[in-house]
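Encoded as structure tokens, the structure appears first; notes follow it.
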Amino acid sequence: MAEKHPNELELLSFVEEELSADERQEVAEHLVACRSCSQHVRRLEAGRGALRASPLLELPEERRREILAALPERREPRRSFRPLKRALVIAAPVAAAAALVGVFVLGGTQLGGGGDADEAAREGAATAAEMQAEAEDSGGVEEAAPEAAHAGELVRSVEGPAAEVVNLLRREGIPAVVDPGGSVTAQGALADVRAALLGRPAGDVAVYVR
Amino acid sequence: MDPDELLVRRAQRGERFAFEQLVERHEHRLYTLAARTLGSREDAADAVQEALVRAWLALPKFRGDARFSTWLYRIVVNAAHDVRAKRREPAAEEPPDPADPRDRFAEQELSGELQRALNGLDESYRVAVVLYDVLGCSYAEIAELTGVPEGTVKSRIFRGRGELAERLGTAVEETESKT
Ligand SMILES: [Zn+2]
């Protein structure tokens with residue numbers, strides 16, 4: 001058997017073709033003589049082959065939509081204005097109007113180039129897009145509007161994360177959403193919600209029912 | 001150049017639509033990472049959901065030091081780890097009910113030889129080989145997102161692949177001898 005065995009990293013580099021020509025030659029010669037190392041190499045290649053032949057798994061379309069719909073609201077520290085309550089019914093026209101304003105202001109500042117106005121325009125455009133997205137989101141889904149968040153009755157506060165609490169409830173057939181503030185609103189009978197949360201440790205995610 | 005940069009900047013400013021496009025770009029890779037790590041479709045979807053909520057909330061703090069995909073993978077790896085830990089806890093308290101042998105979850109388990117072999121690996125090996133061989137990450141990216149040196153990453157790939165091949169029963173002619 002040839003002098004000393006290449007180490008793990010050298011064998012991996014050999015298989016991945018990361019060695020210089022000289023190093024490569026050296027390892028190749030060793031492999032001819034060493035059964036143990038050539039077995040390692042075959043395993044590395046077989047493991048790689050099996051993994052690389054495996055297909056990407058697809059997140060079900062429906063789950064993707066649920067996930068996006070349940071994304072919480074994010075506090076934007078630099079946002080200069082934010083409507084306290086939005087009626088979803090008027091969100092689309094408002095968004096369209098805001099988008100127009102955004103484009104108009106943006107167009108104007110390209111000539112003058114004022115920093116603040118530019119910033120304001122971007123904020124305006126972002127808000128419009130966000131509202132647009134929210135208006136679209138709320139389209140087909142059975143969920144409670146976030147505005148109704150704390151109109152409900154507090155069931156109890158359980159361990160987060162909120163998205164997991166929502167999933168737990170949904171698996172029990174109870175519609176639920178993450179509220180803007182990070183609490184959870186469920187739609188169903190108090191007793192059902194309480195039962196669904198029975199095994200959940202106490203925590204800082206408030207669960208409301210309405 | 002990070003191909004996601006423009007969308008990331010818009011999503012950082014609060015544009016949900018930009019974030020949704022980023023999700024569409026990466027969702028299958030994120031889901032594959034979670035599913036191959038957890039061995040369950042349902043748990044994987046939960047982990048992806050949790051990860052995307054965290055990503056959305058943390059996005060303003062993303063500095064672009066790493067590629068956006070690397071940043072997302074790290075969040076998914078952590079979320080998958082948390083989901084796994086949560087699943088274990090109740091299982092210890094409540095012995096399995098023979099009347100309910102998790103029938104409704106059965107179809108959610110990932111089947112197939114590869115997954116069974118992966119399930120037998122140490123979590124750190126599984127994460128390393130899935131990132132490297134399935135998702136095509138570099139050693140450096142994996143080192144960054146798992147928080148270990150590159151040498152450790154290589155060693156995990158070496159062992160992960162080797163053990164996987166052994167479990168799959170391929171390329172092994174007979175008993176092992178030491179290195
Ligand atoms: Zn050898």
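So you know, we letter chains A, B, ... as the sequences are listed, proteins then strands, and number each from 1.
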Could you report the tightest heavy-atom contact between [X] and [Y], atom names first, then the distance?
X	Y	value
A:G47	B:A165	N-CB, 3.9 Å
A:E73	B:L57	O-CD2, 4.2 Å
A:R43	B:G162	CD-O, 3.4 Å

Can you tell whether the side chains of [X] and [Y] come within less than 4.0 Å, N to carboxylate O?
X	Y	value
A:R63	B:E42	yes
B:D133	A:R52	yes
B:K154	A:E8	no

What distance do [X] atom [atom1] and [Y] atom [atom2] have between them, rounded to the nearest 0.5 Å?
X	Y	atom1	atom2	value
A:L57	B:L30	CG	CG	12.0 Å
A:L59	B:E27	CG	CD	5.0 Å
B:L131	A:L51	CG	CG	11.0 Å
B:R156	A:L12	CZ	CG	14.0 Å
A:L56	B:L135	CG	CG	7.0 Å
B:R36	A:S54	CZ	OG	5.0 Å

- Message: Taking NE2 in B:H28 as the centre, count heavy atoms belonging to other residues, nucleotides or ligands within less than 6.0 Å. Is the count above 12?
- Response: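 Enclosed: over 12 neighbouring heavy atoms sit under 6.0 Å from NE2 of B:H28.
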- Give me the contact list for residues 14-22 of chain A versus chain B, heavy atoms only, anything under 4.5 Å, ordered by residue number. A:V15, A:E16, A:E18
- Task: Considering only heavy atoms and a distance below 4.5 Å, find which of B:R161, B:E163, B:R159 pairs most often with chain A.
- Result: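 When all of B:R161, B:E163, B:R159 are compared, B:R161 has the most.
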Contact check, side chains of [X] and [Y], non-hydrogen atoms, under 4.5 Å:
X	Y	value
B:F158	A:L9	no
B:P60	A:R74	yes
B:K86	A:E159	yes

Donor-acceptor list for residues 65-80 of chain B side chains, cut-off 3.5 Å, not counting sequence neighbours:
unit_1, atom_1, unit_2, atom_2, d
B:R67, NE, B:E141, OE2, 3.2
B:T70, OG1, B:E141, OE2, 3.1
B:Y73, OH, B:R29, NE, 3.4
B:N78, ND2, B:R74, O, 3.4

- Task: Under 4.5 Å heavy-atom distance to chain A, tell me which part of B:V53 shows up: side chain, backbone, both or neither.
- Result: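 Both parts, backbone and side chain.
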- Task: Pick one of side chain, backbone, both or neither for B:L52, based on which atoms fall under 4.5 Å of a heavy atom in chain A.
- Result: both
- Item | Test item: B:W56 side-chain N/O and A:P72 main-chain N/O as donor-acceptor pair under 3.5 Å | yes
